[in-house]
Amino acid sequence: AYVTAIDDASSIDALDFVSAERSPDDLVSQICVFGEWWMLGAQTSEVWTAVPDADFPFQRNNGANIEVGCMAAFSVKQIDNGFMMIGRDRNGGGMVYRSNGLQLQRVSTDAVDKAIQASTDITQAVAWVYQKAGKTFWCVNAPGLTSTWCYEVSSGQWHERCEVDPVGELTAGRITHAVYSHGVILGGDADGFVYEIDEDTYTNAGDPLVRLRLSPNNVTPTRDRQFFSEFVADVSTGEAAQGEEFYAELAYSDDGGKTWKAWLQRSTGRVGDYKPRLIWTRLGSGRDRVWRLRYAGNTPFTLVNAEAK
């Protein structure tokens, strides 16, 4: 890395540079957090601190021995008092790390790692950060993945976000960048469109906003056949516009989620129906039943309770 002359960004002395010396590897990305300059290599990282030196204004912190490097340059995003990124070490890559002091700690779960590592090119993963209702999210899209993975900082929990394409298949969310400006959160996509991220809007720029819940496997230790007379879902919805009626849909699988029966619709009610109880009956039997509930109406929708009987 080089430094320019004071007050002259166009003047660079060929001798005014520093390089990684402890574990030299290719520089993938860099970020400055609270006066500390993180140089993120392919397999290791170094931290440099600002010092009052006229010759070179940064000095390597020899106490920061970090055996983790950066795998995706555009996944590096500042968040709260540090940053997050997709990283790697000498043994493998595709894990998500968050800085903690002068170290990098893995925050991804095994399931998240497996999903990210399925990308066709992790090096091209793109992350974006935003804050809403007091919660801060780090979200990442990667080539080949059919969902956006998001990490909520205060709880340390992960979740997936998807959109539905014109043929009904799940795809990753369209947002790839975000910025807070003029009191609103703006998100941009790969095609150059800009959107406002608003929790009180229940469409994706006019496209359906699908909410999908998937149950754990409903199976006994001895895989006994179970009979299901009904599925009951207590939900909370917003008020539909006059004359509009929306539907929740239920589907189930008897082979652990590999194949699914057709969607079964139930109306969530008309104007004034805020807490409907939705009931599906005559649902057959199975040894490894999995349920999924879907809603795409232009109103709020919260699943309060669900029970299969």
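Arg98 is listed as a side-chain neighbour of Asp80, based on a closest heavy-atom distance under 4.5 Å. Two residues are said to be in side-chain contact when any heavy atoms from C-beta on lie closer than 4.5 Å; Asp113 and Arg106 meet this criterion. Residues Phe246 and Thr299 meet the side-chain proximity criterion, which asks for heavy atoms closer than 4.5 Å. Residues Arg294 and Val210 have side chains in contact (heavy-atom distance under 4.5 Å, counting atoms from C-beta outward). Side-chain atoms of Leu293 and Arg266, non-hydrogen and from C-beta on, never get closer than 4.5 Å to each other. With a 4.5 Å cut-off on side-chain heavy atoms, Ile66 and Gln103 count as touching. Between Tyr151 and Val140, the closest side-chain pair of non-hydrogen atoms is not below 4.5 Å. By the 4.5 Å heavy-atom criterion applied to side chains, Lys132 and Ile197 are not counted as neighbours.
For the pair Arg277 (side chain) and Val232 (backbone), a donor-acceptor distance under 3.5 Å is absent. Here the side chain of Asp25 pairs a donor or acceptor atom with the backbone of Gln43 at under 3.5 angstrom. In this structure a side-chain-to-backbone donor-acceptor pair under 3.5 Å is missing from Thr148 to Asn141.
For Thr44 and Glu46, the side-chain atoms include no donor-acceptor pair closer than 3.5 Å. Side chains of Thr136 and Gln131: a donor on one and an acceptor on the other come within 3.5 Å.
Judged by the 6.0 Å distance and 45° axis criteria, Arg174 is positioned over the aromatic ring of Tyr195.
Taking Trp149 as the reference, nothing meets the ring-ring contact (aromatic ring centres under 6.0 Å, His included) condition, with sequence neighbours excluded.
Hydrophobic clustering keeps Val68 apart from Phe74 (ILVMFWY residues linked when any side-chain heavy atoms are closer than 4.5 Å, directly or through intermediates).
Taking the ring centroids of Tyr247 and Trp263, they lie at or beyond the 6.0 Å cut-off.
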Between Gln117 and Met95, does the side chain to side chain contact (heavy atoms under 4.5 Å, CB included) criterion hold? Intermediate values first, please. CA-CA 8 Å; Gln117 290 164 10; Met95 294 82 77; 4.0 Å; yes
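Crowding of Arg282 atom CZ: a count of heavy atoms from other residues, nucleotides or ligands under 6.0 Å not exceeding 12.
Every pair passing ring pair (Phe, Tyr, Trp, His ring centres under 6.0 Å) that includes a residue from residues 78-131 is listed here, sequence neighbours excluded: Trp38-Phe83, Trp128-Tyr130, Tyr130-Phe137.
Note that CG of Leu102 is 12.0 Å distant from OG of Ser45, once rounded to the nearest 0.5 Å.
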